[in-house]
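Okay, structure first, notes after.
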Amino acid sequence: MKKRTFLKLGAAAGLGSWLAAWLGRGAAWGAAMPERLHNWAGNIDYSTENLYAAKSFAEAKEYVRKTAKLKVLGTRHCFNTIADSKDAFLSLTEMHDDPELNEAARTVTVDANMTYGKLAPWLETKGFALHNLASLPHISVAGAISTGTHGSGEKNGNLATAVKGLQLVTSEGDVVEMSREKGGPFLNGAVVGLGALGAISEVTLEIQPTFQVRQWVYENMPMEAVRAHFDEIEASGYSVSLFTDWRNRNVNEVWIKDRVGGGKEFPAKPEFFGGKLATKNLHPIAAISAENCTEQMGVAGPWYERLPHFKMGFMPSAGKELQSEFFVPRKDAVEAIFAVEKLHEKISPHLLITEIRTIAADELWMSPAYRQDSVAIHFTWQPDWPAVKAVLPEIERALAPFGVRPHWGKLFTMAPAELRPRYERLPEFVALAKKLDPHGKFRNDFLDRYIFG
Ligand SMILES: Cc1cc2nc3c(=O)[nH]c(=O)nc-3n(C[C@H](O)[C@H](O)[C@H](O)COP(=O)(O)OP(=O)(O)OC[C@H]3O[C@@H](n4cnc5c(N)ncnc54)[C@H](O)[C@@H]3O)c2cc1C
C-alpha cells in the first residue's frame, strides 16, 4: 500500500500532536507552531506539505501516474521557488539501491536522489572518482544536474556534463531511458531539465580513476592582480576559487585545488600575485571556524575530500544566508568582475562573501555554460531578502552587456523576457517538455513564468 509521508521538520512530536499544533496555528503562530516544509536555507516555505516519499522505483512510478500535478524534491538546497509545488511533492531520497559500477564503460549508475556525499566515498572504495564536485557534497545528483550545478576549474564542465544516461518517469508513468550513445541530442536537452520533464529515477555518470588533490589558500591578493593576471590565476590549479567581500579592493582568499600528478605541480610559494600563503585552514567567510571546511595547507587527500569546500556531516557555508550567482562568458571575466566591483558600496553591507569560479563550456541546452566557457560570480548574502532584492537588479544591469545568465537554483530578479533569449535552445527544450509532459504535470509557477511563458 502506498504510504503518504508528512515531513515533521525539527519536530519530535508524533503526527497526531503535530497535526493538532498545525491546525491550531491561527491561535498560536509562533512558539507552538511546527516548522513548515521548507528549503535548506529556510527562505522558502513550500506551498504544500503534501509529500510522498517513495521507497522503491515501483512506488515512485505509481505515484507519478496517479498524481495530477507534482514536483520531485531533492535535498531542497535551491534558494528560489524552482522546486516548489502547490499540489504535491515526490521525494526519492528514501530509495537506497546500491550504485552499479561498470568498470569497463567507466560509469556508475545511481538512484537519482543519492547525494554526492554518499556516492563519492563509495566510488573511492572502488578506486574511482567524478571529475568535479560543487562547494558542498550534501546535494542530490538529480537536483544538482537539474539546475546546472557546478564546481570550479577552467577545464571542468559543470556536474551535469558527467551524465552519460538518464532514466526518467514521465507524466503517464512511462519509463524513458536516454544515453549519450542512444540519444545524444535528446540527452543534452534533458540533463539540465529544471525538474520540468519528469521524475529522474536513475542517473549514469562518467567516472575516472581516483586521484588526490592538494589545496592551498592565499590571503589578501590585490584585486588589481585579477585585472592583470586573471588567466594565469585561473590556470594555476585544477580548480580555483576567488573569494572577496569587495571591501578592500582585494581578493580575501584564493583557494587553489591542485590535482596530484596532473602535470605541472602547483609550486605553493609563500606569495601568489601579491597574496600571502595562509598558515592555517580557513573558511571562505573568515569569521567562521574552518572546522567545517575541507583540509588545506597542501595536505594531499582524496578528490572528494578536497574538491568541495565544505565537509559532509558539517554545516556548509554560513547556514543563515541567501545566494545568487551570475554566469558571463569567460572572455568577459575581468570586465564583468570590475563592473560588479563598482557596486561594492551597495553590495558589501548585505554580503557575507562573493566567490568567483570558472566553468568549461558544454552542450547542455539549458546549462548556463551552454557553448561558452564561463565565469560565475556568486554572492552569499545575509538573510535579508528586501535588501538583497533591492541590489540584485543593479548587479543584473551591470552584467547585462555580457548576456548574463543567472543560476537556476539561486535568487535573481531578471524578467522572463530578458532571460529567455539568453537560451537559444529554449524553444527545443519547451518542445521536449511538451512531448514528455503534455499536460504540464511537472510544471510549477517558476517554470510557467520563466520557461513556458
Ligand atoms: C550551501 C549551499 C552551497 C551551494 N553550492 C553550490 C555550488 O558550489 N555550485 C552550484 O552550482 N550550486 C550550489 N548550490 C546550489 C545547489 O547546488 C542547487 O540548488 C542544487 O540544485 C540543489 O540540489 P538539490 O538536490 O537540493 O535539489 P532541490 O533544490 O531539491 O531541487 C532542485 C531542482 O531539481 C529538481 N529535482 C530534484 N530531484 C529530481 C528528480 N529526481 N527528478 C526530477 N527533478 C528533480 C527539482 O524539482 C527542482 O527543480 C549551493 C546551495 C547551497 C544551499
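Bear in mind that the values here come from a model prediction, so they are computed numbers and not experimental data. In what follows, every heavy atom counts, from backbone to side chain, and hydrogens, waters and symmetry copies are set aside. Order of appearance sets the numbers: ligands from 1, and atoms from 1 within every ligand.
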Proximity of W408 to ligand 1 by residue part, where a heavy atom lies under 4.0 Å: neither
Q323 and H407: side chain donor to acceptor below 3.5 Å: no
Region of N113 engaging ligand 1 - heavy atom pairs below 4.0 Å: side chain
Ligand 1 contact on L136 by region, counting heavy-atom pairs under 4.0 Å: side chain
R65 with E172: basic N within carboxylate O range, under 4.0 Å: no
Under-4.0 Å salt bridge between R330 and E234: no
Region of H309 engaging ligand 1 - heavy atom pairs below 4.0 Å: neither
A376 touching ligand 1 at heavy-atom level, < 4.0 angstrom: no
Nearest-neighbour protein heavy atom for atom 34 (O) of ligand 1, which is reported as residue plus atom name and distance: S146 CB, 3.4 Å
Heavy-atom nearest neighbour in the protein, as seen from atom 42 (N) of ligand 1, with distance rounded to 0.1 Å: I200 N, 2.8 Å
Which segment of A199 sits under 4.0 Å of ligand 1 when only heavy atoms are counted: backbone
W40 neighbourhood, listing ligand 1 atoms whose heavy-atom distance to it stays under 4.0 Å: 1 (C), 53 (C)
Atom 24 (P) of ligand 1: nearest protein contact (heavy atom, Å): T75 OG1, 3.3 Å
Flag, side chain of R422 to backbone of V404, donor-acceptor distance under 3.5 Å: yes
Nearest non-hydrogen protein atom, atom 40 (C) of ligand 1: V72 CG1, 3.4 Å
Which residues share a side-chain hydrogen bond (donor to acceptor under 3.5 Å, both in side chains) with R247, sequence neighbours left out: none
Shortest heavy-atom approach to atom 16 (C) of ligand 1 - which of L194, D111, T149: T149
Nearest non-hydrogen protein atom, atom 14 (N) of ligand 1: K410 CE, 3.7 Å
Given Y218, F379, W255, the one that forms ring-ring contact (aromatic ring centres under 6.0 Å, His included) with F243: W255
For atom 27 (O) of ligand 1, the protein heavy atom that lies nearest, with its residue and separation: G143 CA, 3.4 Å
Enumerated ligand 1 atoms positioned under 4.0 Å from heavy atoms of R357: 7 (C), 8 (O), 9 (N)
Per atom 50 (C) of ligand 1, closest listed option by heavy atom (E325, Q323, R76): Q323
Contact summary for E321 and F79, nearest pair of heavy atoms: O-CE2, 3.7 Å
Region of N158 that comes within reach of ligand 1 [heavy atoms, distance under 4.0 Å]: neither
Donor-acceptor pair, side chain of K311 and main chain of E291, under 3.5 angstrom: yes
Residue part near ligand 1, for K71, under 4.0 Å between non-hydrogen atoms: side chain
Proximity winner for atom 19 (O) of ligand 1, if only heavy atoms of G74, C78, G409 are counted: C78
Closest protein heavy atom to atom 12 (N) of ligand 1, given as residue, atom name and distance to 0.1 Å: H407 NE2, 3.2 Å
Interatomic distance, W216 atom CH2 to F272 atom CZ [nearest 0.5 angstrom]: 11.5 Å
Closest approach of any protein heavy atom to atom 52 (C) of ligand 1, naming residue and atom: F79 CE1, 3.7 Å
Ring geometry between Y52 and Y63 (parallel below 30°, tilted from 30 to 60°, perpendicular above 60°): parallel
Under the salt bridge (charged side-chain N to carboxylate O under 4.0 Å, His left out) test, residues paired with E202 that sit two or more places apart: none
Any A144 heavy atom less than 4.0 Å from ligand 1: yes
Ring-face cation contact, Y370 with R425, 6.0 Å cut, 45° max: no
